[in-house]
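Note that the structure is predicted; figures quoted are calculated from it, not measured. First listed ligand is number 1; within each ligand, the first listed atom is number 1.
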Amino acid sequence: MSSVHFENVSKHFGNVVALADLDLHVESGEFVSLLGPSGSGKSTTLNLLAGLLDADEGAIRIGERVVNHVSPDKRDIAMVFQSYALYPHMTVFENIAFPLKARRSRVPKKEIEERVTAVGEILGVEALLHRYPKELSGGQQQRVALGRAMVRDPKVFLLDEPLSNLDARLRIRMRRDLKALHDRIASTIIYVTHDQAEALSMSTRIAVFDRGRLQQFGTPFEIYNRPANTFVANFVGEREIVFFEATARVDGDSLAIETEAETLPVAGKLPGAQRLTGHRATFGLRAESLRLADETEGTIPAVVSEVEPAGPDIIVFATTAGGLDLSCRVDGGTAIARGSPVRLAIVPDRLLAFDRETGAAIAVHG
Ligand SMILES: Nc1ncnc2c1ncn2[C@@H]1O[C@H](COP(=O)(O)OP(=O)(O)OP(=O)(O)O)[C@@H](O)[C@H]1O
Ligand SMILES: [Mg+2]
């Protein structure tokens with residue numbers, strides 16, 4: 001396994017800036033997800049690393065070695081794509097063994113057998129080695145495709161949306177499998193996805209891209225709870241975030257948010273509240289940034305406009321006296337009806353604040 005470094009790497013296609021000035025340093029043994037919407041530059045980044053594309057500018061290193069001019073087959077990486085075509089006329093064993101046989105590397109037959117069996121065991125397909133791909137479920141086929149990449153023990157694994165052909169339940173199961181696999185083989189994995197839940201659940205760190213630019217590189221906790229800007233805040237999270245522009249009224253480490261129509265108190269202390277002083281701020285509230293409150297002190301009156309069951313939770317949509325539409329995630333057992341008056345409390349640790357001009361986060365949490 002190896003570290004991976006992008007140093008001021010850019011890639012254009014005609015007028016399109018597919019990747020702009022990327023600086024990204026992946027440690028050896030990390031599981032890094034490249035996350036972003038369609039066209040944000042994720043696959044371009046992966047293909048540059050694989051050597052399927054040439055960079056216009058900048059250096060790409062695998063470990064100490066600059067690989068810009070190293071051909072793909074000499075970079076010692078293994079790639080698994082979204083469409084993980086297995087060879088239909090070969091058994092699972094032969095599919096996994098294929099890279100060892102194809103490389104003219106003259107791996108002895110006995111070693112091939114040992115390595116395929118070991119990979120089969122790690123992936124839980126050891127009982128299926130004699131079967132053909134059409135006799136496997138989608139998840140099993142996916143694991144065989146991974147096995148074909150793993151059998152070579154490469155420096156880095158590159159996975160481009162490898163789960164997107166699977167149904168929802170199986171994808172979630174495969175997330176755990178992939179994470180467990182990473183824990184066991186401890187290799188460097190770079191994983192492309194546009195599914196934020198997938199990235200949050202598996203990665204040691206996540207690189208979020210928008211329009212060819214890296215927006216933030218951080219742990220799942222940082223990406224979710226301390227997004228660097230409004231783009232990241234809105235892109236991660238199951239639901240859309242509510243943004244609104246307002247003035248901060250700061251009093252020590254207490255905060256009230258003044259919109260044109262009303263004043264919203266924040267129910268608790270914010271150690272970095274002072275940083276809002278003098279900023280024109282955009283505030284962001286997710287459904288989990290609010291809780292239903294019993295008390296009137298320090299809370300916001302609102303009226304329930306919609307109730308949406310979401311499995312174990314309920315999402316309560318409510319409109320404040322000043323006309324702000326908010327949502328609030330509550331326990332699924334809560335009895336609440338459209339039209340009910342409620343009180344909402346802003347959870348300080350989950351309030352997000354951004355500079356109104358630049359969209360950059362203001363560190364209100366300390
Ligand atoms: N071979 C190419 N020729 C021209 N433009 C390209 C080429 N490959 C990518 N692009 C453009 O570069 C930008 C980045 O593309 P990229 O494939 O990296 O996006 P992505 O983040 O992987 O998106 P998706 O989630 O849809 O796979 C897009 O605007 C895309 O249209
Ligand atoms: Mg892509």
Side-chain angles (χ1 to χ4, degrees), residues 4-26 30-62 67-69 71-72 75 77-85 138 142 145-146 149 156-168 171-172 174-175 178 188-203 205-218 220 223-224 227-238 240:
V4 168
H5 307 270
F6 289 85
E7 287 158 5
N8 307 106
V9 173
S10 297
K11 179 68 186 173
H12 302 74
F13 294 106
N15 291 333
V16 177
V17 180
L19 197 63
D21 203 21
L22 175 64
D23 228 358
L24 182 70
H25 299 276
V26 176
E30 273 200 273
F31 189 135
V32 166
S33 291
L34 311 183
L35 175 68
S38 188
S40 58
K42 308 180 296 291
S43 294
T44 300
T45 304
L46 212 64
N47 290 333
L48 286 165
L49 182 58
L52 304 176
L53 289 173
D54 288 325
D56 298 338
E57 288 163 48
I60 300 169
R61 285 193 291 119
I62 298 176
V67 294
N68 289 54
H69 301 294
S71 69
R75 293 189 185 195
I77 51 181
M79 209 159 170
V80 180
F81 294 97
Q82 175 178 358
S83 50
Y84 45 87
Q142 183 59 55
L146 281 171
V156 187
F157 284 101
L158 306 184
L159 309 180
D160 196 345
E161 309 241 10
L163 305 187
S164 52
N165 286 338
L166 305 178
D167 68 49
R171 288 178 71 132
I172 291 176
M174 286 296 293
R175 278 184 210 163
L178 268 177
T188 311
I189 295 181
I190 301 187
Y191 185 96
V192 165
T193 181
H194 59 259
D195 181 337
Q196 49 93 26
E198 220 167 88
L200 289 170
S201 64
M202 293 192 292
S203 318
R205 285 194 288 175
I206 302 171
V208 184
F209 288 81
D210 182 35
R211 289 171 292 170
R213 286 190 183 276
L214 179 64
Q215 304 293 313
Q216 186 173 1
F217 185 38
I223 296 290
Y224 188 76
N229 56 40
T230 48
F231 175 83
V232 176
N234 196 36
F235 192 74
V236 298
E238 192 188 355
E240 253 175 84

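- Between I223 and F235, the closest side-chain pair of non-hydrogen atoms is not below 4.5 Å.
- Across I60 and L49, no two heavy atoms sit closer than the pair CG2-CD1, 3.8 Å.
- Each of the following atoms of ligand 1 lies closer than 4.0 Å to a heavy atom of S40: 19 (O), 20 (P), 21 (O).
- Relative to atom 21 (O) of ligand 1, the option among K11, H12, K42 with the closest non-hydrogen atom is K42.
- Under the 4.0 angstrom criterion for non-hydrogen atoms, G36 is not in contact with ligand 1.
- Looking at N234, its side chain never comes within 3.5 Å of a backbone N or O of T230 through a donor-acceptor pair.
- In this structure, the side chains of F217 and V32 come closer than 4.5 Å at one or more pairs of heavy atoms.
- No option in L24, D160, T45, V4 other than V4 meets the side-chain contact (heavy atoms from CB on, under 4.5 Å) test with I190.
- The closest approach between a heavy atom of P37 and any atom of ligand 1 is below 4.0 Å.
- Side-chain contact between R175 and I172 is present, with at least one heavy-atom pair separated by less than 4.5 Å.
- Nearest to atom 3 (N) of ligand 1 among the protein's heavy atoms is F13 CD2, 3.5 Å.
- Between I206 and P220 there is a side-chain heavy-atom pair separated by less than 4.5 Å.
- Of the possible donor and acceptor atoms, one in the side chain of R75 sits under 3.5 Å from a partner among the backbone N and O of V67.
- Close N/O approach between A18 and ligand 1 is not found [any backbone or side-chain N/O within under 3.5 Å].
- The protein atom (non-hydrogen) at minimum distance from atom 14 (C) of ligand 1 is G39 O, 3.5 Å.
- Atom 30 (C) of ligand 1 is not flagged as protein-proximal [any protein heavy atom, distance under 4.0 Å].
- Given atom 26 (O) of ligand 1, the protein heavy atom at minimum distance is S38 OG, 2.5 Å.
- The single protein non-hydrogen atom nearest to atom 17 (O) of ligand 1 is S43 CB, 3.7 Å, given as residue, atom name and distance.
- At a heavy-atom cutoff of 4.0 Å, ligand 1 is contacted by the side chain of V16 but not by its backbone.
- The T44 neighbourhood of ligand 1 comprises atoms 14 (C), 15 (O), 16 (P), 18 (O), with distances under 4.0 Å to a heavy atom of that residue.
- Scanning all heavy atoms of the two residues, the minimum distance from L163 to R171 falls at O-CG, 3.5 Å.
- Because the distance cut-off is set at 2.8 Å, S38 fails to qualify as a neighbour of the Mg ion (ligand 2), as none of its N, O or S atoms comes that close.
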